[in-house]
Structures are given as C-alpha cells and as structure tokens.
Chemist: 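Take a look at the following structure, please.
Computed from heavy atoms alone, side chains included, the values below leave out hydrogens, waters and symmetry copies. Values in this document were obtained by computation on a predicted structure and should not be read as measured data.
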Amino acid sequence: KRHRAENPADVAIYMLGADHHGYIGRMMAMCEAFGDKPGENMQILIGQLVNVMKDGKAVRMSKRAGNVVTIDDLTDAIGVDASDFAGHDLTAALDDMDYIEKQGLSGVIYALLALDCREYELPEAAGSVKRPVSREALIEYLLDAQLDDGGWAYSGDTAEPDMTAMTLQALAGYYAENPATELERNVKKAVDRGVDALSAMQSTTGGFVSYGSLNSESASQIIIALTALGIDPAQDTRFVKNGLSVLDSLCSFYVDGGGFSHTSGGKRDALATVQGYCALAAYYRFTGGETALYDLTDVTPASAEKAA
C-alpha cells in the first residue's frame with residue numbers, strides 16, 4: 001500500500017496454501033480498512049504446487065502445444081486411492097496429532113475430511129510420534145474447540161460462519177439422529193448447537209457476514225455443511241430469512257459470464273468462484289440423493305467407467 005505511488009497497481013493477487021483458508025476473511029478486512037474493495041483490489045487464490053512426473057522425469061505442459069494433463073488423465077493413470085498414489089501413501093503424513101494440531105482448527109478439520117473422504121485406514125505412526133492420530137482424537141479436538149455461542153472460530157471467542165461450517169462438514173459423517181455411543185451423543189449435541197449458531201448468524205439477506213463483509217465464500221461453506229448434514233439450504237426454515245435462503249444469497253454474487261464475486265457488485269474472484277461452484281455441486285448432489293461433496297466413496301477412475 002505505501003509504495004503504490006511509485007508502483008501503481010489496480011489489484012493485488014495473493015496465492016496461499018490450501019491450509020490457509022482461515023486467513024482470507026482477515027486479509028479482506030485489512031484490504032477494506034485501507035479503503036480498497038475486497039475481491040476487486042485484492043484477490044486471494046488457494047492452491048497447491050504440483051509436479052507431474054512420468055518415467056522419473058517432470059512433464060512439461062503447454063496449453064498452446066496442446067499437451068495438458070487433465071484430472072481425468074491423472075486419475076486414469078494413477079487411480080484415486082490416496083494410500084497408493086503412484087506408489088506413495090499420502091495418508092502417511094497424517095500420523096502425528098502434535099503436527100496436525102500445529103495448524104490449529106483448520107489442520108484438524110482437513111485431516112479428518114481427508115481420512116474420511118474414502119474411509120482410509122489410519123496410517124501407522126512413525127516411531128518418533130508421541131501422539132498417534134485417531135479419528136476419536138480428531139473429533140474430540142473439534143468438540144473441545146466449540147465456543148460458548150455454539151460455533152467455532154479460527155481465533156477468539158466469537159463464532160465465525162466459515163469455521164463453524166467447515167467444522168460441521170468434518171463432523172457430519174459422525175452425526176446420528178439416534179446416537180448409540182457417548183461419542184455420537186457428544187457429536188450430535190455439538191452439531192445441533194453449531195447449526196443453531198449458524199442460523200443465528202444469518203442476515204436478513206439470507207447471507208453471512210465474515211470480518212465485516214457480506215460475502216459469497218461464507219454462503220458457500222454453509223451450503224456445503226448443510227447438505228453434508230442432510231439439511232436443505234433452500235427450504236429449511238432455519239436458513240430462510242426475510243424470504244431469502246443462503247442459496248439465494250450465493251446466487252446474488254453470480255457474475256455475468258460465469259463465476260462469483262467476493263462481495264456484492266464486485267468483479268469475478270477466483271476463490272469465490274471455486275467455492276461457489278463447490279457449493280452448487282454439493283447442492284446438486286444433495287438434491288440427487290448422492291453422497292456429500294467430500295464423500296468420495298462413489299468416485300471411480302475414468303477407465304473403470306468406460307469399461308463398465
């Protein structure tokens with residue numbers, strides 16, 4: 001900001017790692033505090049750096065040359081089993097509770113979602129690991145992090161819509177209407193309180209405010225969470241305010257030509273677009289009676305579908 005006079009620019013684009021979703025709201029709030037428009041003068045991308053290897057050598061890709069590898073190509077070649085990804089067990093890194101907890105609430109959420117997405121077995125802990133990972137330990141961490149108001153937050157003692165929704169996404173697979181164990185009873189109580197907290201956070205526009213801004217990403221996370229819990233975000237009266245649902249709110253951020261903006265009236269934003277379409281995919285799967293967005297037990301390689 002202080003060097004803009006010497007180096008003028010209309011937009012600042014930040015690329016963050018996949019485990020830094022919780023920074024988005026705070027950075028957008030900072031952008032607005034400086035007098036700029038979040039999603040327009042500042043855009044945040046979440047991604048991973050990936051090297052594609054073939055026969056031990058890096059594959060150079062070019063859209064112009066037409067040698068682009070698609071996700072279908074990759075899953076066709078190496079399968080969709082993270083425990084045997086081109087000969088590597090990607091779940092092996094999820095063996096240490098101390099390491100996962102260093103990333104805070106987000107780390108535990110993503111670890112549980114990753115292990116459960118295809119019902120992976122727990123990795124065998126390395127000899128140096130003092131606290132091996134268990135699903136029970138991950139769940140208990142999330143339950144212990146619940147705030148007095150019923151929600152969850154990246155930091156502080158006031159619930160945030162995004163973190164509350166993300167936690168509910170991770171706990172959704174353990175929710176039971178008629179719990180049979182102590183853990184299931186605790187999960188049901190926590191999830192029910194979390195859903196009530198989200199309902200209380202919803203504004204009269206049907207949307208959700210995070211770090212001072214009504215934004216599309218919060219609506220997207222709520223839609224993904226509700227559909228994972230079997231709750232219709234378009235019809236459930238707890239999530240319809242002033243005749244407007246959270247799905248209506250998300251659609252209000254749609255940008256002509258495709259994509260979503262971060263805030264109302266803003267330009268197309270990469271992260272908002274990714275999350276928006278994830279939310280729509282979750283709702284589409286929900287209405288079609290399919291598994292939740294992060295439940296990949298129904299995913300098969302493209303080659304298997306062709307053979308069938």
Side-chain angles (χ1 to χ4, degrees), residues 1-52 61 63 68 71 93 99-111 113-114 152-156 158 160-167 169 207-225 249-250 252-281 293-294:
K1 177 73 176 181
R2 61 183 178 181
H3 299 301
R4 180 167 292 179
E6 293 81 11
N7 299 288
D10 295 326
V11 59
I13 301 175
Y14 294 88
M15 172 66 77
L16 303 182
D19 59 340
H20 284 70
H21 177 274
Y23 285 82
I24 297 168
R26 283 171 281 170
M27 292 181 68
M28 289 299 186
M30 178 182 68
C31 171
E32 189 171 24
F34 275 112
D36 292 322
K37 294 182 179 180
E40 183 172 330
N41 299 117
M42 176 189 284
Q43 296 184 19
I44 300 175
L45 307 179
I46 298 291
Q48 299 270 17
L49 291 178
V50 177
N51 286 325
V52 178
M61 290 179 283
K63 289 185 291 184
V68 175
I71 293 297
Y99 173 73
I100 290 174
E101 289 178 5
K102 282 183 179 179
Q103 303 174 64
L105 188 62
S106 296
V108 177
I109 290 170
Y110 288 127
L113 285 171
W152 285 265
Y154 187 82
S155 62
T158 301
E160 302 166 358
D162 296 54
M163 296 308 299
T164 298
M166 291 164 60
T167 304
Q169 293 164 25
F208 290 81
V209 173
S210 180
Y211 295 97
S213 296
L214 184 73
N215 66 91
S216 64
E217 293 94 330
S218 293
S220 294
Q221 292 299 326
I222 275 76
I223 291 169
I224 296 170
S249 176
L250 173 61
S252 72
F253 293 93
Y254 178 76
V255 177
D256 288 342
F260 295 86
S261 61
H262 170 64
T263 54
S264 180
K267 294 182 179 180
R268 183 184 298 106
D269 178 81
L271 181 61
T273 297
V274 170
Q275 294 194 27
Y277 284 124
C278 281
L280 293 181
L293 183 69
Y294 295 126

Chemist: Test of understanding: with ring pair (Phe, Tyr, Trp, His ring centres under 6.0 Å), list the residues that count as partners of Y99, not counting sequence neighbours.
Modeler: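 With neighbours one apart ignored, the set is empty.
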Chemist: Are the side chains of S264 and L214 in touch, meaning some heavy atoms are under 4.5 Å apart?
Modeler: no
Chemist: Test of understanding: with side-chain contact (heavy atoms from CB on, under 4.5 Å), list the residues that count as partners of A153, not counting sequence neighbours.
Modeler: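 Expected list: L147, E160.
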Chemist: If the condition is side-chain contact (heavy atoms from CB on, under 4.5 Å), which residues does S261 pass it with, not counting sequence neighbours?
Modeler: F253, V255
Chemist: Any idea which heavy atoms bring R268 and T273 closest together, and the distance?
Modeler: CG-OG1, 3.7 Å
Chemist: Within a strict 4.5 Å, meaning less than it, do heavy atoms of the I109 and M163 side chains meet?
Modeler: yes
Chemist: Q43: which residues meet the side-chain hydrogen bond (donor to acceptor under 3.5 Å, both in side chains) condition with it, sequence neighbours left out?
Modeler: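 None.
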Chemist: In Å, rounded to the nearest 0.5 Å, how long is the span from OG of S220 to CZ of F260?
Modeler: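 The distance works out to 7.0 Å.
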Chemist: With sequence neighbours excluded, tell me which residues meet side-chain contact (heavy atoms from CB on, under 4.5 Å) with A111.
Modeler: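 For A111 the side-chain contact (heavy atoms from CB on, under 4.5 Å) partners, ignoring immediate neighbours, are L94, I100, L138.
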Chemist: Do you know the tightest heavy-atom contact between A165 and A225?
Modeler: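 Looking at all heavy atoms of both residues, the closest pair is O-CB, 3.4 Å.
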Chemist: Taking all non-hydrogen atoms of both residues, which atom of V11 and which atom of M42 are closest, and how far apart?
Modeler: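 Residues V11 and M42, closest heavy atoms: CG2-N, 4.3 Å.
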Chemist: Who passes side-chain contact (heavy atoms from CB on, under 4.5 Å) against S218, sequence neighbours left out?
Modeler: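 With sequence neighbours excluded, S218 shows a side-chain contact (heavy atoms from CB on, under 4.5 Å) to P161, D162, F208, S210, N215, given in chain and number order.
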